[in-house]
Protein chains: 2
Amino acid sequence: MKYDLGKKPTKGAQRTLNAFSETMLKLISQKRLEDISVSEICEVSTFPRATFYNYFDDKYDLLNYCWHIIAEEIQINEETKITSHGILKVYFDRIYDIFMENKSLLDKVLVNNNSSSAMINSFINYFKEIIHHVLYNSMDQFETTLPLELLADHIVATLLLILEWIFLEQHDTTKQQAHQYIDVLLGSDLPKFKARS
Amino acid sequence: MKYDLGKKPTKGAQRTLNAFSETMLKLISQKRLEDISVSEICEVSTFPRATFYNYFDDKYDLLNYCWHIIAEEIQINEETKITSHGILKVYFDRIYDIFMENKSLLDKVLVNNNSSSAMINSFINYFKEIIHHVLYNSMDQFETTLPLELLADHIVATLLLILEWIFLEQHDTTKQQAHQYIDVLLGSDLPKFKARS
DNA sequence: TTTATATTTAGACACTTGTCTAATACTCTT
DNA sequence: AAGAGTATTAGACAAGTGTCTAAATATAAA
(Lines give C-alpha, C1' and ligand atoms only; values in the text may rest on other atoms or scores of the structure.)
Protein backbone atom coordinates (compact mmCIF):
# COMPACT_ATOMS: atom_id res chain seq x y z
CA MET A 1 0.00 0.00 0.00
CA LYS A 2 1.50 3.33 -1.07
CA TYR A 3 -0.96 5.42 0.92
CA ASP A 4 -0.46 5.66 4.68
CA LEU A 5 -3.67 4.53 6.38
CA GLY A 6 -2.22 5.59 9.71
CA LYS A 7 -2.88 9.29 9.23
CA LYS A 8 -6.50 10.25 8.74
CA PRO A 9 -7.10 10.88 5.05
CA THR A 10 -8.08 14.24 3.56
CA LYS A 11 -11.47 14.68 1.92
CA GLY A 12 -10.05 14.06 -1.55
CA ALA A 13 -8.01 11.07 -0.50
CA GLN A 14 -11.03 9.45 1.14
CA ARG A 15 -13.09 10.05 -1.99
CA THR A 16 -10.42 8.40 -4.10
CA LEU A 17 -10.02 5.41 -1.75
CA ASN A 18 -13.78 4.90 -1.72
CA ALA A 19 -14.08 5.15 -5.49
CA PHE A 20 -11.38 2.54 -6.12
CA SER A 21 -12.58 0.08 -3.47
CA GLU A 22 -16.20 0.35 -4.59
CA THR A 23 -15.16 -0.23 -8.19
CA MET A 24 -13.13 -3.26 -7.19
CA LEU A 25 -15.99 -4.80 -5.21
CA LYS A 26 -18.30 -4.11 -8.15
CA LEU A 27 -15.95 -5.68 -10.68
CA ILE A 28 -15.20 -8.86 -8.70
CA SER A 29 -18.98 -9.33 -8.43
CA GLN A 30 -19.08 -9.36 -12.21
CA LYS A 31 -15.95 -11.12 -13.47
CA ARG A 32 -12.84 -13.04 -12.48
CA LEU A 33 -10.06 -11.17 -10.71
CA GLU A 34 -7.63 -12.36 -13.39
CA ASP A 35 -9.70 -10.62 -16.05
CA ILE A 36 -9.69 -7.27 -14.24
CA SER A 37 -6.92 -4.85 -15.18
CA VAL A 38 -5.78 -1.73 -13.37
CA SER A 39 -6.71 0.17 -16.53
CA GLU A 40 -10.30 -1.09 -16.31
CA ILE A 41 -10.54 -0.23 -12.61
CA CYS A 42 -9.45 3.30 -13.52
CA GLU A 43 -11.87 3.66 -16.42
CA VAL A 44 -14.81 2.58 -14.27
CA SER A 45 -13.69 4.86 -11.44
CA THR A 46 -12.99 7.70 -13.92
CA PHE A 47 -9.56 8.27 -12.41
CA PRO A 48 -6.33 8.15 -14.40
CA ARG A 49 -3.92 5.28 -13.83
CA ALA A 50 -1.40 7.60 -12.19
CA THR A 51 -3.86 8.21 -9.37
CA PHE A 52 -4.34 4.49 -8.80
CA TYR A 53 -0.60 4.06 -8.36
CA ASN A 54 -0.52 6.95 -5.91
CA TYR A 55 -2.50 4.72 -3.54
CA PHE A 56 -1.92 1.07 -4.36
CA ASP A 57 0.93 -1.16 -5.49
CA ASP A 58 -1.29 -3.25 -7.74
CA LYS A 59 -4.79 -4.71 -7.96
CA TYR A 60 -4.06 -7.26 -5.22
CA ASP A 61 -3.13 -4.43 -2.90
CA LEU A 62 -6.48 -2.75 -3.62
CA LEU A 63 -8.25 -6.06 -3.01
CA ASN A 64 -6.58 -6.28 0.37
CA TYR A 65 -7.79 -2.78 1.15
CA CYS A 66 -11.33 -3.92 0.32
CA TRP A 67 -11.09 -6.67 2.95
CA HIS A 68 -9.79 -4.02 5.33
CA ILE A 69 -12.92 -1.93 4.72
CA ILE A 70 -15.20 -4.92 5.26
CA ALA A 71 -13.32 -5.99 8.39
CA GLU A 72 -13.32 -2.55 9.96
CA GLU A 73 -16.56 -3.43 11.70
CA ILE A 74 -14.89 -6.25 13.61
CA GLN A 75 -13.59 -4.20 16.49
CA ILE A 76 -11.51 -6.96 17.96
CA ASN A 77 -8.76 -5.12 19.75
CA GLU A 78 -6.28 -5.53 22.54
CA GLU A 79 -8.80 -4.20 25.06
CA THR A 80 -11.05 -7.17 24.42
CA LYS A 81 -9.30 -9.00 27.23
CA ILE A 82 -9.79 -12.65 27.65
CA THR A 83 -11.95 -13.83 30.50
CA SER A 84 -12.56 -17.46 29.63
CA HIS A 85 -11.83 -20.03 26.99
CA GLY A 86 -15.06 -18.90 25.32
CA ILE A 87 -12.91 -16.21 23.75
CA LEU A 88 -12.38 -18.37 20.67
CA LYS A 89 -16.09 -18.38 20.00
CA VAL A 90 -16.22 -14.62 20.54
CA TYR A 91 -13.65 -14.15 17.79
CA PHE A 92 -15.41 -16.68 15.62
CA ASP A 93 -18.80 -15.06 16.08
CA ARG A 94 -17.54 -11.61 15.09
CA ILE A 95 -16.18 -12.86 11.80
CA TYR A 96 -19.25 -15.04 11.28
CA ASP A 97 -21.43 -11.93 11.69
CA ILE A 98 -19.35 -9.89 9.27
CA PHE A 99 -19.45 -12.63 6.66
CA MET A 100 -23.21 -12.98 7.18
CA GLU A 101 -23.71 -9.23 6.76
CA ASN A 102 -21.78 -9.38 3.48
CA LYS A 103 -23.18 -12.72 2.33
CA SER A 104 -24.87 -11.44 -0.82
CA LEU A 105 -21.66 -9.72 -1.90
CA LEU A 106 -19.62 -12.84 -1.13
CA ASP A 107 -22.00 -15.05 -3.07
CA LYS A 108 -21.80 -12.81 -6.13
CA VAL A 109 -18.00 -12.74 -5.95
CA LEU A 110 -17.85 -16.51 -5.67
CA VAL A 111 -19.90 -17.05 -8.83
CA ASN A 112 -16.97 -15.73 -10.87
CA ASN A 113 -14.05 -16.46 -8.56
CA ASN A 114 -14.77 -19.83 -6.96
CA SER A 115 -11.73 -21.35 -8.61
CA SER A 116 -9.47 -18.31 -8.38
CA SER A 117 -6.91 -19.25 -5.78
CA ALA A 118 -5.45 -15.73 -5.80
CA MET A 119 -8.81 -14.31 -4.77
CA ILE A 120 -9.56 -16.94 -2.11
CA ASN A 121 -6.05 -16.80 -0.68
CA SER A 122 -6.20 -13.03 -0.49
CA PHE A 123 -9.49 -13.16 1.37
CA ILE A 124 -8.65 -15.97 3.78
CA ASN A 125 -5.13 -14.74 4.51
CA TYR A 126 -6.41 -11.29 5.40
CA PHE A 127 -8.74 -12.63 8.07
CA LYS A 128 -6.17 -15.17 9.26
CA GLU A 129 -3.76 -12.33 9.91
CA ILE A 130 -6.11 -10.19 11.94
CA ILE A 131 -7.38 -13.08 14.10
CA HIS A 132 -3.86 -14.38 14.56
CA HIS A 133 -2.76 -10.99 15.79
CA VAL A 134 -5.36 -10.66 18.52
CA LEU A 135 -5.26 -14.33 19.48
CA TYR A 136 -1.51 -14.53 19.88
CA ASN A 137 -1.62 -11.77 22.47
CA SER A 138 -3.86 -13.96 24.66
CA MET A 139 -1.88 -17.14 24.36
CA ASP A 140 -0.67 -17.03 27.96
CA GLN A 141 -4.17 -18.33 28.72
CA PHE A 142 -3.28 -21.66 27.20
CA GLU A 143 -1.65 -24.62 28.84
CA THR A 144 0.26 -26.59 26.30
CA THR A 145 3.44 -28.43 25.50
CA LEU A 146 3.33 -27.06 21.96
CA PRO A 147 5.16 -23.98 20.72
CA LEU A 148 2.69 -21.13 21.25
CA GLU A 149 3.02 -19.84 17.68
CA LEU A 150 2.18 -23.27 16.32
CA LEU A 151 -0.87 -23.61 18.55
CA ALA A 152 -2.07 -20.13 17.62
CA ASP A 153 -1.63 -20.93 13.92
CA HIS A 154 -3.60 -24.12 14.36
CA ILE A 155 -6.49 -22.49 16.18
CA VAL A 156 -6.73 -19.66 13.66
CA ALA A 157 -6.49 -22.06 10.73
CA THR A 158 -9.27 -24.18 12.21
CA LEU A 159 -11.60 -21.23 12.82
CA LEU A 160 -11.03 -19.97 9.29
CA LEU A 161 -11.46 -23.46 7.86
CA ILE A 162 -14.95 -23.63 9.36
CA LEU A 163 -15.80 -20.14 8.09
CA GLU A 164 -14.49 -21.13 4.66
CA TRP A 165 -16.66 -24.26 4.75
CA ILE A 166 -19.74 -22.22 5.61
CA PHE A 167 -19.32 -19.10 3.49
CA LEU A 168 -17.00 -19.98 0.61
CA GLU A 169 -18.07 -23.58 0.05
CA GLN A 170 -21.56 -22.41 0.93
CA HIS A 171 -22.79 -25.01 3.39
CA ASP A 172 -25.52 -23.19 5.29
CA THR A 173 -24.69 -23.65 8.94
CA THR A 174 -26.06 -22.04 12.09
CA LYS A 175 -23.75 -20.40 14.56
CA GLN A 176 -24.68 -23.10 17.07
CA GLN A 177 -23.76 -25.88 14.66
CA ALA A 178 -20.52 -24.10 13.88
CA HIS A 179 -19.71 -23.98 17.60
CA GLN A 180 -20.05 -27.76 17.70
CA TYR A 181 -17.56 -28.01 14.83
CA ILE A 182 -15.14 -25.87 16.83
CA ASP A 183 -15.58 -28.08 19.89
CA VAL A 184 -14.92 -31.27 17.94
CA LEU A 185 -11.99 -29.98 15.88
CA LEU A 186 -10.24 -28.19 18.72
CA GLY A 187 -11.13 -30.83 21.33
CA SER A 188 -14.56 -30.97 22.92
CA ASP A 189 -13.12 -30.86 26.41
CA LEU A 190 -10.74 -28.07 25.36
CA PRO A 191 -7.84 -29.63 27.29
CA LYS A 192 -5.44 -27.02 26.06
CA PHE A 193 -6.92 -24.24 28.19
CA LYS A 194 -5.64 -23.37 31.61
CA ALA A 195 -8.07 -23.59 34.50
CA ARG A 196 -9.15 -20.11 35.49
CA SER A 197 -7.16 -18.62 38.31
CA MET B 1 -0.81 -26.66 -18.08
CA LYS B 2 -0.91 -26.72 -21.86
CA TYR B 3 1.11 -29.92 -22.16
CA ASP B 4 -0.62 -33.20 -21.41
CA LEU B 5 1.34 -34.99 -18.67
CA GLY B 6 -0.91 -38.01 -19.12
CA LYS B 7 0.83 -39.28 -22.25
CA LYS B 8 4.48 -40.10 -21.84
CA PRO B 9 6.54 -37.27 -23.31
CA THR B 10 8.83 -37.60 -26.31
CA LYS B 11 12.57 -37.13 -25.87
CA GLY B 12 12.39 -33.52 -27.00
CA ALA B 13 9.41 -32.68 -24.85
CA GLN B 14 11.10 -34.16 -21.79
CA ARG B 15 14.24 -32.16 -22.50
CA THR B 16 12.18 -28.98 -22.72
CA LEU B 17 10.19 -29.70 -19.56
CA ASN B 18 13.43 -30.42 -17.68
CA ALA B 19 15.12 -27.27 -18.95
CA PHE B 20 12.27 -25.00 -17.88
CA SER B 21 11.74 -26.59 -14.47
CA GLU B 22 15.46 -26.59 -13.70
CA THR B 23 15.69 -22.94 -14.69
CA MET B 24 12.71 -22.07 -12.49
CA LEU B 25 14.19 -23.84 -9.46
CA LYS B 26 17.48 -22.10 -10.11
CA LEU B 27 15.90 -18.66 -10.42
CA ILE B 28 13.70 -18.92 -7.30
CA SER B 29 16.86 -19.85 -5.40
CA GLN B 30 18.30 -16.52 -6.51
CA LYS B 31 15.51 -13.95 -6.53
CA ARG B 32 11.88 -13.30 -5.72
CA LEU B 33 9.22 -14.99 -7.84
CA GLU B 34 7.68 -11.56 -8.54
CA ASP B 35 10.94 -10.43 -10.12
CA ILE B 36 11.16 -13.40 -12.49
CA SER B 37 9.64 -12.92 -15.94
CA VAL B 38 8.79 -15.52 -18.53
CA SER B 39 11.26 -13.77 -20.79
CA GLU B 40 14.06 -14.30 -18.27
CA ILE B 41 13.15 -17.96 -17.79
CA CYS B 42 13.41 -18.36 -21.55
CA GLU B 43 16.71 -16.53 -21.86
CA VAL B 44 18.30 -18.68 -19.15
CA SER B 45 16.86 -21.85 -20.70
CA THR B 46 17.86 -20.67 -24.20
CA PHE B 47 14.39 -21.42 -25.50
CA PRO B 48 12.20 -18.86 -27.26
CA ARG B 49 9.09 -17.62 -25.49
CA ALA B 50 6.84 -19.41 -27.94
CA THR B 51 8.16 -22.73 -26.68
CA PHE B 52 7.42 -21.80 -23.08
CA TYR B 53 3.81 -21.11 -23.96
CA ASN B 54 3.59 -24.46 -25.77
CA TYR B 55 3.92 -26.06 -22.35
CA PHE B 56 2.77 -23.70 -19.63
CA ASP B 57 0.04 -21.11 -19.09
CA ASP B 58 2.33 -18.80 -17.13
CA LYS B 59 5.16 -18.83 -14.61
CA TYR B 60 2.85 -20.01 -11.81
CA ASP B 61 1.92 -23.00 -13.92
CA LEU B 62 5.60 -23.86 -14.34
CA LEU B 63 6.12 -23.45 -10.59
CA ASN B 64 3.34 -25.93 -9.98
CA TYR B 65 5.04 -28.33 -12.36
CA CYS B 66 8.22 -27.97 -10.28
CA TRP B 67 6.35 -29.10 -7.15
CA HIS B 68 5.00 -31.98 -9.22
CA ILE B 69 8.54 -33.04 -10.08
CA ILE B 70 9.63 -32.83 -6.46
CA ALA B 71 6.55 -34.69 -5.24
CA GLU B 72 6.84 -37.49 -7.78
CA GLU B 73 8.89 -39.41 -5.26
CA ILE B 74 5.98 -39.53 -2.85
CA GLN B 75 4.28 -42.60 -4.25
CA ILE B 76 1.18 -42.23 -2.18
CA ASN B 77 -1.48 -43.84 -4.32
CA GLU B 78 -4.84 -45.51 -4.07
CA GLU B 79 -3.19 -48.90 -3.51
CA THR B 80 -1.70 -47.65 -0.24
CA LYS B 81 -4.76 -48.95 1.56
CA ILE B 82 -5.40 -47.95 5.07
CA THR B 83 -4.87 -50.50 7.78
CA SER B 84 -4.88 -48.41 10.93
CA HIS B 85 -5.15 -44.87 12.12
CA GLY B 86 -1.37 -44.70 11.82
CA ILE B 87 -2.04 -43.86 8.20
CA LEU B 88 -1.91 -40.15 8.99
CA LYS B 89 1.65 -40.46 10.16
CA VAL B 90 2.51 -42.49 7.08
CA TYR B 91 1.33 -39.63 4.88
CA PHE B 92 3.07 -37.13 7.09
CA ASP B 93 6.35 -39.03 7.05
CA ARG B 94 6.45 -39.27 3.27
CA ILE B 95 6.12 -35.52 2.86
CA TYR B 96 8.53 -34.93 5.74
CA ASP B 97 11.10 -37.09 3.96
CA ILE B 98 10.63 -35.28 0.65
CA PHE B 99 10.99 -31.89 2.29
CA MET B 100 14.07 -33.11 4.15
CA GLU B 101 15.64 -34.40 0.92
CA ASN B 102 15.06 -30.99 -0.66
CA LYS B 103 15.89 -28.95 2.43
CA SER B 104 18.88 -27.10 0.98
CA LEU B 105 16.82 -26.08 -2.06
CA LEU B 106 13.91 -24.99 0.15
CA ASP B 107 16.21 -22.95 2.37
CA LYS B 108 17.70 -21.12 -0.61
CA VAL B 109 14.24 -20.40 -2.02
CA LEU B 110 13.04 -19.05 1.31
CA VAL B 111 15.88 -16.53 1.55
CA ASN B 112 14.31 -14.58 -1.31
CA ASN B 113 10.67 -15.63 -1.04
CA ASN B 114 9.89 -15.82 2.67
CA SER B 115 7.37 -13.02 2.34
CA SER B 116 6.03 -13.94 -1.09
CA SER B 117 2.55 -15.23 -0.40
CA ALA B 118 2.15 -16.32 -4.04
CA MET B 119 5.16 -18.61 -3.70
CA ILE B 120 4.20 -20.03 -0.31
CA ASN B 121 0.56 -20.53 -1.30
CA SER B 122 1.58 -22.27 -4.49
CA PHE B 123 3.83 -24.64 -2.57
CA ILE B 124 1.49 -25.39 0.32
CA ASN B 125 -1.61 -25.71 -1.85
CA TYR B 126 0.09 -28.21 -4.11
CA PHE B 127 0.85 -30.55 -1.25
CA LYS B 128 -2.52 -29.96 0.39
CA GLU B 129 -4.22 -31.09 -2.78
CA ILE B 130 -2.31 -34.33 -3.16
CA ILE B 131 -2.70 -35.34 0.49
CA HIS B 132 -6.34 -34.34 0.47
CA HIS B 133 -6.94 -36.54 -2.52
CA VAL B 134 -5.53 -39.71 -1.02
CA LEU B 135 -6.89 -39.02 2.47
CA TYR B 136 -10.45 -38.35 1.38
CA ASN B 137 -10.61 -41.78 -0.22
CA SER B 138 -9.95 -43.36 3.19
CA MET B 139 -12.40 -41.31 5.17
CA ASP B 140 -14.78 -44.23 5.72
CA GLN B 141 -12.25 -45.23 8.38
CA PHE B 142 -13.31 -42.28 10.51
CA GLU B 143 -16.11 -42.12 13.01
CA THR B 144 -17.36 -38.58 13.26
CA THR B 145 -20.37 -36.36 13.44
CA LEU B 146 -18.63 -33.82 11.20
CA PRO B 147 -19.06 -33.54 7.46
CA LEU B 148 -16.35 -35.80 6.04
CA GLU B 149 -15.01 -33.11 3.68
CA LEU B 150 -14.59 -30.72 6.57
CA LEU B 151 -12.78 -33.28 8.70
CA ALA B 152 -10.50 -34.19 5.80
CA ASP B 153 -9.73 -30.52 5.19
CA HIS B 154 -8.91 -30.08 8.86
CA ILE B 155 -6.59 -33.08 9.05
CA VAL B 156 -4.74 -32.08 5.89
CA ALA B 157 -4.48 -28.46 7.01
CA THR B 158 -3.06 -29.56 10.34
CA LEU B 159 -0.45 -31.88 8.82
CA LEU B 160 0.63 -29.16 6.41
CA LEU B 161 0.68 -26.58 9.20
CA ILE B 162 3.20 -28.68 11.08
CA LEU B 163 5.30 -29.20 7.95
CA GLU B 164 5.14 -25.45 7.27
CA TRP B 165 6.26 -24.78 10.85
CA ILE B 166 9.22 -27.11 10.47
CA PHE B 167 10.40 -26.44 6.93
CA LEU B 168 9.15 -22.97 5.96
CA GLU B 169 9.42 -21.28 9.33
CA GLN B 170 12.53 -23.38 9.88
CA HIS B 171 12.08 -24.78 13.35
CA ASP B 172 14.29 -27.86 13.35
CA THR B 173 12.09 -30.68 14.57
CA THR B 174 12.58 -34.43 14.62
CA LYS B 175 10.01 -36.74 13.09
CA GLN B 176 9.28 -38.05 16.56
CA GLN B 177 8.63 -34.56 17.91
CA ALA B 178 6.43 -33.82 14.93
CA HIS B 179 4.39 -36.95 15.67
CA GLN B 180 3.71 -35.57 19.13
CA TYR B 181 2.46 -32.34 17.57
CA ILE B 182 0.09 -34.38 15.39
CA ASP B 183 -1.17 -36.27 18.44
CA VAL B 184 -1.85 -33.10 20.40
CA LEU B 185 -3.40 -31.09 17.57
CA LEU B 186 -5.57 -33.88 16.20
CA GLY B 187 -6.39 -35.31 19.65
CA SER B 188 -3.94 -37.47 21.55
CA ASP B 189 -6.52 -40.23 21.97
CA LEU B 190 -7.54 -39.88 18.32
CA PRO B 191 -11.23 -40.23 19.22
CA LYS B 192 -12.27 -39.62 15.65
CA PHE B 193 -11.11 -43.01 14.44
CA LYS B 194 -13.34 -46.03 14.25
CA ALA B 195 -12.30 -49.13 16.20
CA ARG B 196 -10.88 -51.65 13.78
CA SER B 197 -13.43 -54.17 12.55
C1' DT C 1 -7.36 35.02 2.19
C1' DT C 2 -3.13 33.43 1.83
C1' DT C 3 0.17 29.93 1.88
C1' DA C 4 2.22 25.51 2.50
C1' DT C 5 1.12 20.99 1.63
C1' DA C 6 -1.14 17.27 -0.59
C1' DT C 7 -3.34 15.34 -4.62
C1' DT C 8 -4.42 14.81 -9.39
C1' DT C 9 -3.23 14.51 -13.89
C1' DA C 10 -1.39 13.70 -19.04
C1' DG C 11 1.73 11.56 -21.24
C1' DA C 12 5.88 9.06 -22.04
C1' DC C 13 8.96 5.16 -20.87
C1' DA C 14 10.79 0.39 -21.17
C1' DC C 15 9.23 -3.75 -20.27
C1' DT C 16 6.09 -7.99 -19.84
C1' DT C 17 2.17 -10.74 -21.25
C1' DG C 18 -0.35 -14.20 -23.85
C1' DT C 19 -1.78 -15.31 -28.59
C1' DC C 20 -1.10 -16.29 -33.34
C1' DT C 21 0.96 -17.60 -37.76
C1' DA C 22 3.58 -20.16 -40.93
C1' DA C 23 7.91 -22.04 -41.77
C1' DT C 24 11.22 -25.31 -40.18
C1' DA C 25 13.16 -29.21 -37.84
C1' DC C 26 13.02 -33.11 -35.21
C1' DT C 27 11.86 -38.22 -33.94
C1' DC C 28 9.14 -42.14 -33.85
C1' DT C 29 7.29 -45.76 -36.29
C1' DT C 30 7.20 -48.97 -40.00
C1' DA D 1 15.09 -44.47 -44.98
C1' DA D 2 10.47 -42.27 -45.76
C1' DG D 3 6.46 -40.27 -44.10
C1' DA D 4 3.32 -38.91 -40.28
C1' DG D 5 3.08 -36.77 -36.43
C1' DT D 6 5.35 -33.60 -32.96
C1' DA D 7 7.99 -29.88 -31.45
C1' DT D 8 10.51 -25.62 -32.18
C1' DT D 9 10.97 -21.18 -33.75
C1' DA D 10 11.01 -15.91 -35.37
C1' DG D 11 8.50 -12.34 -35.31
C1' DA D 12 4.43 -9.56 -34.94
C1' DC D 13 0.38 -8.17 -32.23
C1' DA D 14 -2.57 -5.58 -28.93
C1' DA D 15 -2.84 -5.02 -24.37
C1' DG D 16 -1.19 -4.40 -19.63
C1' DT D 17 2.39 -3.08 -16.00
C1' DG D 18 4.71 -0.02 -12.90
C1' DT D 19 7.56 4.23 -12.79
C1' DC D 20 8.54 8.88 -13.60
C1' DT D 21 8.10 13.65 -14.74
C1' DA D 22 6.36 18.41 -14.26
C1' DA D 23 2.45 21.13 -14.41
C1' DA D 24 -2.16 22.08 -12.61
C1' DT D 25 -5.57 21.73 -8.79
C1' DA D 26 -7.45 21.16 -4.56
C1' DT D 27 -7.37 21.35 0.47
C1' DA D 28 -6.35 22.46 5.44
C1' DA D 29 -4.76 25.55 8.67
C1' DA D 30 -3.10 30.15 10.05
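Letters A, B, ... are given to chains in the order of the sequence lines, protein chains preceding strands, and every chain is numbered from 1.
- In this structure the side chain of Arg94(A) never reaches within 4.5 angstrom of the side chain of Lys89(A), judged on heavy atoms.
- In this structure, Lys2(B) reaches the sugar-phosphate backbone alone: every heavy-atom distance under 4.0 Å involves primed, P, OP1 or OP2 atoms, never a base.
- Phe56(A) comes within contact range of no nucleotide atom at all, as no heavy-atom separation falls under 4.0 Å.
- Between the side chain of Thr46(A) and the backbone N or O of Cys42(A), no donor-acceptor pair lies under 3.5 Å.
- The side chain of Ser39(A) lies closest to dG16(D), out of dT8(C), dT8(D), dG16(D).
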Could you pull out all donor-acceptor pairs under 3.5 Å where a side-chain atom in residues 113-120 of chain A meets a protein atom, sequence neighbours excluded?
from: Asn113(A); atom 1: OD1; to: Leu33(A); atom 2: N; distance (Å): 2.9
from: Asn113(A); atom 1: ND2; to: Ile28(A); atom 2: O; distance (Å): 3.2
from: Asn113(A); atom 1: ND2; to: Lys31(A); atom 2: O; distance (Å): 3.4
from: Asn113(A); atom 1: ND2; to: Val109(A); atom 2: O; distance (Å): 3.1
from: Ser116(A); atom 1: OG; to: Glu34(A); atom 2: OE2; distance (Å): 3.1
from: Ser116(A); atom 1: OG; to: Met119(A); atom 2: N; distance (Å): 3.2

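- Atom C1' of nucleotide dT21(C) and atom CZ of Arg49(B) are separated by 15 Å, given to the nearest angstrom.
- Each of dT17(C), dT6(D), dT8(D) was ranked by its minimum atom distance to the side chain of Tyr55(B); first place goes to dT8(D).
- Looking at heavy-atom distances under 4.0 Å, Thr51(A) makes contact with a base.
- The side chain of Thr10(A) contributes an N or O atom lying less than 4.0 Å from OP1 or OP2 of dT7(C).
- Checking the phosphate oxygens (OP1, OP2) of dT8(C), no side-chain nitrogen or oxygen of Tyr53(A) falls inside 4.0 Å.
- Relative to the side chain of Lys11(A), the nucleotides dT8(C), dT27(D), dT17(C) differ in distance, and dT27(D) lies closest.
- Taking every side-chain heavy atom of Ala50(B) into account, dG11(D) is the closest of dG11(D), dG16(D), dG18(D).
- Picking from dG18(C), dT8(D), dT7(C) the nucleotide with the shortest atom distance to the side chain of Thr16(B) gives dT8(D).
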